[in-house]
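The sequence lines fix the lettering, A, B, ..., with proteins before strands; numbering per chain opens at 1. All values below were derived from every heavy atom in this structure, side-chain atoms included, with hydrogens, water molecules and symmetry-related copies excluded.
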Amino acid sequence: MSVIEDAIREFVEIVARVTGADASKVAQEVTFSNREEFGDLSVALPSLGVKNVQALPESLQGKKFVRLVKKEKVYYNAYLDEKEIFESLFQNLSEFYGITKVDNPKYIIVEHTSANPIHPLHIGHMRNAILGDIISRMLSCRGHKVERRFYVNDAGRQVAILTYGYIKLNKPDPPVGVKADSWLGFIYSVTNVVLEIRKIKGELNSADESRRAELIKRLDELVAAAATLESRDRETFYRLVDAINSDPDPEKSIADIVRKYESGTDKEIVSTVRKLVDMALKGFQESLDKLGVKFDGFDYESDLLWRGEVKKVIEEMMSSPYRITYKDTLALEVNVQDERVRDALEIPKGLELPPLVIMRSDGTSLYTTRDVAYTLYKFSRGAEVVINVIAEQQSVPQMQLRAALYLLGHKREAENLFHYSYAMVSLQGSKMSGRLGKYVSLDEVYELVKASVEQKINEKGGNREVIPEVTSGAIRYAIASVSANKQLNFNVKTVTDFEQNSGPYLQYTYARAYNILDKANEEPSVSEADPNYIKGDWRNLLILIAKFPVVMKKACDELRPEDLVAYLREVADVFNKVYNYERVLQEPDRGKRFTKLLIVKGVERVLHNGLSVLGITPLKRM
RNA sequence: GGGCCCGUAGCUUAGCCAGGACAGAGUGCCGGCCUUCGGAGCCGGUGGUCGGGGGUUCGAAUCCCCCCGGGCCCGCCA
């Protein structure tokens with residue numbers, strides 16, 4: 001129990017006693033005061049059902065941390081005793097201050113990023129990776145056993161398209177000096193665009209007037225994408241186009257690759273696909289390393305297929321009473337009606353959940369079905385909770401997944417599977433498309449931000465060694481500070497702007513605090529500190545520091561990085577303000593100096609531990 | 001057309017789920033500090049019909065209804 005929580009409990013006791021309201025209800029309604037003049041803790045009395053607000057009797061005083069409770073309008077506001085807070089807080093400030101473990105830690109698997117291994121990671125994946133990494137850090141900060149896993153979607157149609165193009169090029173090695181995922185992305189895009197153009201041209205003859213217009217518009221888009229791709233590498237582009245166009249039935253060739261890979265019987269196909277996929281994954285890890293994102297394991301879809309786990313799920317579906325015929329094929333009716341079940345599975349009331357098609361007509365599997373098998377696999381590893389960090393576009397398939405699990409009798413798994421959804425990242429007007437090869441890659445973004453950091457550090461004659469940490473800090477902050485469900489309109493300026501609202505600002509502030517302590521040459525003691533000096537901004541800082549454990553707990557439990565970011569920034573703001581007009585080391589009075597040093601120590605710990613949870617490196621020098 | 005998400009200062013955004021005190025920041029713009037224990041800083045000013053309209057309530061940015069705008073989904077893709 002932290003100091004601030006003790007203080008809150010005292011206030012709750014007082015309010016509960018005087019109003020007769022239930023203590024747990026009061027605890028729910030108590031907030032940190034939103035303005036200095038209203039004290040430190042507040043509770044709106046009407047929210048407790050108290051109509052006639054009474055002034056507090058004198059006898060209510062005498063608590064340790066609550067010095068005074070005042071009635072103001074319809075509020076009771078508590079004023080905390082900064083001397084008691086200060087003493088209790090700094091008596092034994094732990095290195096791990098603010099990190100509170102839950103009583104019942106769980107085994108939680110966080111699946112994130114899981115990008116198709118067919119093109120380099122782009123800024124959408126960057127959001128996914130950083131959010132996934134941060135929520136993993138948050139959960140493990142709370143003491144949970146967290147495993148981060150990357151689902152390798154190597155069995156789908158898209159990998160088959162890439163493989164097809166690669167084979168058509170006679171399986172070349174990537175050119176020297178080119179990152180493999182980027183090179184594969186080019187092959188994939190060209191192949192896909194050519195295939196789509198072919199398909200549309202074929203459809204065009206038999207289309208009616210309105211459909212024709214639609215197709216032509218789509219065709220224009222494809223041709224434009226093709227032109228852009230052509231300009232990247234004419235020679236490869238045309239070799240690929242010619243090779244594909246000489247194939248009488250490319251769609252069949254691709255379907256063959258899917259089938260052969262799934263069955264695992266064709267050694268040639270298996271080794272080719274695996275080679276390409278692993279090349280892409282290597283590129284991903286290289287990109288993610290720069291942002292400090294690591295995985296505990298990569299799970300290949302194909303392994304689930306080859307081990308028979310997907311087959312088992314399909315059998316369960318085939319013998320399920322919910323099996324239906326849908327669009328001339330077998331499907332699972334997943335549109336559960338029971339309101340309570342829908343609630344538990346977070347399926348919106350108004351949504352008609354479409355049936356889940358069990359497999360393709362040629363017997364090969366589909367993504368969501370494979371995902372059922374994968375989810376069961378994750379739980380079979382011992383996970384009690386599974387969190388999938390996946391774009392909002394996939395919310396319907398994620399619901400189908402939960403519903404399918406539930407209907408197949410995997411109730412516990414269905415109810416403990418969560419979709420951590422995030423909105424799309426758009427790119428200054430234009431829309432990204434992995435399929436058309438239109439994207440800004442994570443690597444490109446990283447380089448842009450890095451160039452900006454480098455320039456800034458050169459200007460200031462700063463520490464060039466920390467360029468990577470500052471770059472990663474800037475990017476992480478930009479992602480972490482926006483709620484996941486908000487669309488992110490990415491512009492480079494936002495991330496390369498290192499003003500007060502940025503990762504580098506926090507890192508810089510940390511360095512300031514750290515260096516004061518580093519240069520102090522003395523160990524301040526609480527008993528010799530001057531408690532009368534805790535006022536004004538020093539007091540504000542102290543109270544902010546005291547709040548840290550509560551803020552951290554809440555942000556981590558609710559998986560809201562943006563709350564932690566906002567709090568850390570406030571700490572940094574107040575600290576920088578004091579820093580500007582108050583000397584610490586030059587303070588001649590020993591007692592006052594100790595007070596200041598201890599509070600700076602608190603700021604240092606809060607920023608250090610807070611930034612670490614966000615995966616932003618606290619820097620001693622920058 | 002149906003469903004889901006979003007709409008808060010010029011721009012980015014917190015507060016909305018669990019309704020309460022003059023809606024809080026950053027950035028931009030205008031003016032000041034002039035290098036300090038690290039200026040990636042500090043101080044002041046400017047800027048808001050909380051998309052619009054109804055309703056519920058003692059009280060609505062927050063809850064309910066309708067409308068408007070943006071995004072996403074509605075494939076035997078993922």
**Q** Considering just the side-chain nitrogens and oxygens of A:Gln500, establish if one lies under 4.0 Å of OP1 or OP2 belonging to B:C42.
**A**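 So the side chain of A:Gln500 is within the cut-off, an N or O lying under 4.0 Å from OP1 or OP2 of B:C42.
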
**Q** Is the distance from OP1 or OP2 of B:C37 to the nearest side-chain N or O of A:Lys596 less than 4.0 Å?
**A** no

**Q** Got a donor-acceptor pair under 3.5 Å from the side chain of A:Thr368 to the base of B:A78?
**A** no

**Q** Does NZ or CZ of A:Arg149 lie under 6.0 Å from the centre of the six-membered ring of A:Phe298, at an angle within 45° of the ring axis?
**A**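 No - A:Arg149 does not lie over the ring of A:Phe298 by the 6.0 Å and 45° rule.
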
**Q** A:Leu351 CG to B:C74 P: how many Å, rounded?
**A**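 Atom CG in A:Leu351 sits about 12 Å away from atom P in B:C74.
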
**Q** Check whether any side-chain N or O of A:Gln393 sits under 4.0 Å from OP1 or OP2 of B:C73, and answer yes or no.
**A** yes

**Q** Mark yes or no for a side-chain to base donor-acceptor pair under 3.5 Å between A:Asn515 and B:G38, with no hydrogen or angle criteria applied.
**A**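 In this structure, the two groups form a donor-acceptor pair.
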
**Q** In whole angstrom, what separates A:Asn485's CG from B:U13's P?
**A**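 It is 11 Å, rounded to the nearest whole Å.
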
**Q** Think A:Lys349 has a side-chain N or O under 4.0 angstrom from the OP1 or OP2 of B:C4?
**A**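 No, because none of the side-chain N or O atoms of A:Lys349 sits under 4.0 Å from OP1 or OP2 of B:C4.
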
**Q** What is the distance, rounded to the nearest whole Å, between atom CZ of A:Arg127 and atom P of B:C6?
**A** 12 Å

**Q** Please determine, for B:G59, whether a Watson-Crick or G-U wobble partner exists with both distances under 3.5 Å, and give it or none.
**A** none

**Q** Strictly by Watson-Crick or wobble contacts shorter than 3.5 Å, is anything paired with B:C4, and which nucleotide is it?
**A** B:G71

**Q** Across all strands shown, which nucleotide pairs with B:A78 by Watson-Crick or G-U wobble geometry, both distances under 3.5 Å?
**A** none

**Q** For A:Thr509 and A:Asn576, which I'm curious about, is there any donor-acceptor pair between the side chains at under 3.5 Å?
**A** yes

**Q** Mind calculating the distance between CD (A:Gln28) and C1' (B:G19) to the nearest angstrom?
**A** 14 Å

**Q** What's the gap between B:G45 and B:C37 when it is taken at their P atoms, as a whole Å value?
**A**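 Straight-line distance between the two P atoms is 29 Å.
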
**Q** Will you find, in the side chains of A:Ser33 and A:Asp40, an N or O donor that is under 3.5 Å from an N or O acceptor?
**A** no

**Q** Less than 3.5 Å between a donor and an acceptor, one on the side chain of A:Asn501 and one on the base of B:A14, is that the case here?
**A** no

**Q** How many whole angstroms separate atom CD of A:Glu562 from atom P of B:G24?
**A** 20 Å

**Q** Would you tell me if any nitrogen or oxygen in the side chain of A:Arg259 comes within less than 4.0 Å of OP1 or OP2 on B:C76?
**A** no

**Q** Quick one: look up who B:A9 pairs with, Watson-Crick or G-U, both distances under 3.5 Å, and put none if it's unpaired.
**A** none

**Q** Does the side-chain ring of A:Tyr75 lie flat on the base of B:G20, meaning centres under 5.5 Å and planes less than 30 degrees apart?
**A**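 No, A:Tyr75 does not stack on the base of B:G20.
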
**Q** Just the rounded figure in Å: distance from P of B:G75 to OH of A:Tyr326.
**A**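 That distance rounds to 6 Å.
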
**Q** What do you reckon, do A:Tyr508 and the base of B:G38 stack, with centroid distance below 5.5 Å and planes below 30°?
**A** no

**Q** Rounding to an integer number of angstrom, what distance separates B:G19 and B:G10 when you compare their C1' atoms?
**A** 31 Å

**Q** Can you find a side chain N or O atom of A:Gln586 that sits less than 4.0 Å from OP1 or OP2 on B:C37?
**A**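 For B:C37, OP1/OP2 do have a side-chain N/O of A:Gln586 under 4.0 Å.
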
**Q** So, OP1 or OP2 of B:G71: does either fall under 4.0 Å of a side-chain N or O from A:Tyr422?
**A**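 No, outside the criterion.
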
**Q** Please evaluate residues A:Asp518 and A:Lys620 with respect to the criterion side chain to side chain contact (heavy atoms under 4.5 Å, CB included), reporting the C-alpha separation (whole Å), side-chain torsions for both, the decisive distance (0.1 Å), and the verdict.
**A** CA-CA 9 Å; A:Asp518 192 46; A:Lys620 296 177 178 174; over 6 Å; no

**Q** Measuring to OP1 and OP2 of B:A14, would you say a side-chain N or O of A:Ser483 lies under 4.0 angstrom away?
**A** yes

**Q** Should B:G44 form a Watson-Crick or G-U wobble pair with both distances under 3.5 Å, which nucleotide is its partner?
**A** B:C30

**Q** Rounded to the nearest Å, what distance is computed from the NZ atom of residue A:Lys199 to the P atom of nucleotide B:C76?
**A** 11 Å

**Q** Kindly indicate whether a cation-pi arrangement holds for A:Lys547 with A:Phe32, taking the cut-offs as under 6.0 Å to the six-membered ring centre and within 45° of the axis.
**A** yes

**Q** Do any side-chain nitrogens or oxygens of A:Arg370 fall under 4.0 Å of OP1 or OP2 in B:A78?
**A** yes

**Q** For A:Phe575 and B:C37, what is the distance between atoms CZ and P respectively, to the nearest whole Å?
**A**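 Whole-Å distance recorded here is 13 Å.
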
